[in-house]
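Note that the coordinates shown come from a computational prediction; the quantities given were computed from them, not determined experimentally. Letters A, B, ... mirror the listed sequences (proteins, then strands); counts begin at 1.
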Amino acid sequence: MPELPEVETVTTELRNHILGKRFTDVHINRYKLRITIPAFLSELVNNQKITKIQRQAKYILIYLDNEYVLVLHLGMSGKILINPKEPSRKHDHVIFTLNNNHKIIFNDPRRFGLVTIIHNLDLAHSKLFAKLGPEPLSSEFNSRYLLNAIKKRVMPIKTTIMNNQVVVGVGKIYSCESLFRSGISPLRKANTLTVKEAEKLVVAIQQTLQDAITAGGSSLKDYVNTSGDAGYFQNNLRVYGKANQLCDVCNTIITNIRQSGRSTFYCYTCQC
DNA sequence: AGACGTACCTGACCGC
DNA sequence: TGCGGTCAGGTACGTC
């Protein structure tokens with residue numbers, strides 16, 4: 001379940017292995033992912049040198065010499081495997097080979113992810129990126145921005161911070177964890193947050209994500225050749241997935257409810 | 001503009 | 001053991 005910190009970790013890992021290298025082959029096993037892989041993708045990627053690798057929201061952007069950008073998204077179940085020991089597995093949809101003989105494999109059982117290519121100049125206006133809100137770890141994402149963005153929103157704050165137009169990269173885990181850290185109930189209507197609460201929430205989102213990135217970073221060495229599920233931030237989760245366990249602050253039993261068809265975990269004593 | 005329901009998809013899990 | 005049903009959720013899209 002890759003969220004922003006996991007994508008950041010994968011991006012860093014890719015940078016370490018293939019930045020400055022050249023693609024020598026692209027093998028596509030399945031074109032139909034969340035969006036269909038363009039037929040001309042191989043042609044545009046082959047023989048191109050990688051000039052930059054960046055994360056934006058939960059997308060991985062691989063910039064090429066020819067001014068095109070290879071765009072990857074891991075969806076719910078996607079993985080990037082770098083030089084896996086086993087030759088192949090089910091759901092290896094795209095296999096990239098580089099001139100240092102590294103193999104980069106895009107594997108995604110549920111196919112909610114995507115692999116596509118967009119010209120550098122079209123990126124910002126493309127369907128995928130045009131409507132995205134600010135990066136949570138940027139200075140643009142501050143309490144003034146957040147208050148303004150949510151002032152007309154009557155939906156619960158949990159659903160609101162998971163909305164990519166409000167802020168990108170905050171998925172199911174980090175929305176729950178950030179609300180717990182800031183003592184705000186996920187049920188609160190977004191437009192009822194006070195200035196103080198918005199400040200707390202911004203800090204909580206940033207710290208939670210940053211902590212997770214740091215945790216991911218510390219297990220970087222083990223990340224290659226693993227499923228990507230191991231280690232990580234799981235040990236630091238305080239409410240997510242902890243239904244019927246005790247809150248580590250007040251010993252209240254953690255509640256699991258559904259909001260907009262999705263699971264929410266929270267402590268109704270600590271969060272109001 | 002914002003809210004909301006639905007669709008996409010497979011694997012894990014559960015009950016019989 | 002096997003089989004069918006249900007659930008999980010990031011994102012896009014259509015409708016009101």
Side-chain angles (χ1 to χ4, degrees), chain A residues 1-11 29-38 55-61 71-80 88-94 106-116 118 123 125-136 145-179 186-193 205 209 212 227-230 233-234 237 239-244 256-266:
Chain A
M1 294 181 277
E3 294 213 37
L4 185 144
E6 288 83 346
V7 179
E8 179 74 26
T9 303
V10 172
T11 305
N29 288 321
R30 179 187 278 275
Y31 282 83
K32 265 190 102 77
L33 302 177
R34 190 177 106 207
I35 59 178
T36 302
I37 298 176
R55 176 193 61 73
Q56 188 179 336
K58 291 180 189 168
Y59 294 90
I60 300 166
L61 306 180
V71 178
L72 311 177
H73 192 289
L74 301 177
M76 282 298 302
S77 57
K79 293 182 187 77
I80 303 283
S88 68
R89 68 242 89 232
K90 216 175 167 183
H91 310 302
D92 280 356
H93 303 313
V94 188
F106 180 87
N107 178 291
D108 184 10
R110 283 162 75 177
R111 308 208 293 273
F112 279 16
L114 65 85
V115 175
T116 195
I118 302 174
L123 205 58
H125 305 106
S126 72
K127 235 185 223 179
L128 295 177
F129 296 96
K131 289 186 174 174
L132 294 182
E135 286 289 329
Y145 164 81
L146 182 63
L147 281 166
N148 188 52
I150 66 180
K151 68 184 175 194
K152 287 184 184 167
R153 300 204 180 247
V154 295
M155 289 188 73
I157 186 63
K158 191 259 189 172
T159 317
T160 303
I161 56 174
M162 285 180 71
N163 182 341
N164 268 342
Q165 294 183 37
V166 175
V167 59
V168 300
V170 180
K172 59 188 196 297
I173 296 176
Y174 298 99
S175 57
C176 290
E177 292 296 316
S178 303
L179 286 166
L187 296 164
R188 285 276 300 282
K189 289 184 174 186
N191 63 356
T192 67
L193 260 64
I205 288 172
L209 290 171
S227 67
D229 293 332
F233 196 61
Q234 279 91 327
L237 298 181
V239 284
Y240 185 81
K242 305 250 177 204
N244 301 321
N256 179 13
I257 57 168
R258 290 185 77 72
Q259 295 181 286
S260 304
R262 311 298 193 199
S263 267
T264 297
F265 299 88
Y266 77 112

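- We find that CD1 of A/I35 is positioned 16 Å from C1' of B/dC9, with the value rounded to whole Å.
- When the side-chain nitrogen and oxygen atoms of A/H91 are compared with OP1 and OP2 of B/dG11, one or more of them lie within a distance under 4.0 Å.
- Nearest to the side chain of A/P109, among B/dT10, C/dA12, B/dA3, sits B/dT10.
- With respect to A/R89 and A/D92, a salt bridge is recorded, a charged nitrogen being found less than 4.0 Å from a carboxylate O.
- Overall, the helix from B/dG2-C/dC16 to B/dC16-C/dG2 carries an axis bend of 40° between its ends, with five pairs at each end and the value rounded to 10°.
- Only A/M162, A/N164, listed by number, bring a heavy atom of residues 160-171 of chain A to less than 4.0 angstrom from any atom of DNA chain C.
- The shortest distance between the side-chain N/O atoms of A/K172 and the OP1/OP2 oxygens of C/dA8 is not below 4.0 Å.
- With rounding to whole Å, A/H73 atom NE2 is found 14 Å from B/dC8 atom C1'.
- A/I257 has its CD1 atom 17 Å from the C1' atom of C/dC7, to the nearest Å.
- Residue A/K32 contributes atom NZ, which lies 17 Å from atom C1' of B/dT10 at whole-angstrom precision.
- In this entry the distance linking CZ of A/R110 with P of C/dC7 reads 14 Å, nearest Å.
- Per the geometry, NZ belonging to A/K127 stands 9 Å off P belonging to C/dA12, to the nearest Å.
- Across the protein-nucleic acid pair, A/R258 atom CZ and C/dC7 atom P stand 7 Å apart, rounded to whole Å.
- Tested against A/I150 for a side-chain contact (heavy atoms from CB on, under 4.5 Å), the candidates A/N163, A/T192, A/L193 yield a single pass: A/L193.
- One finds no side-chain N or O of A/R34 lying less than 4.0 angstrom from the OP1 or OP2 phosphate oxygen of C/dG10.
- Looking at which nucleotide of DNA chain C each of A/F129 and A/F265 is closest to, the 5′-most match is held by A/F265.
- Using a 4.0 Å heavy-atom criterion, one finds that A/K90 contacts the sugar-phosphate atoms exclusively.
- With hydrogens and angles left out, the side chain of A/R262 and the base of C/dG9 share a donor-acceptor pair within 3.5 Å.
- Both geometric conditions, a ring-centre gap below 5.5 Å and a plane tilt below 30°, are not fulfilled together for A/F112 over the base of C/dT11.
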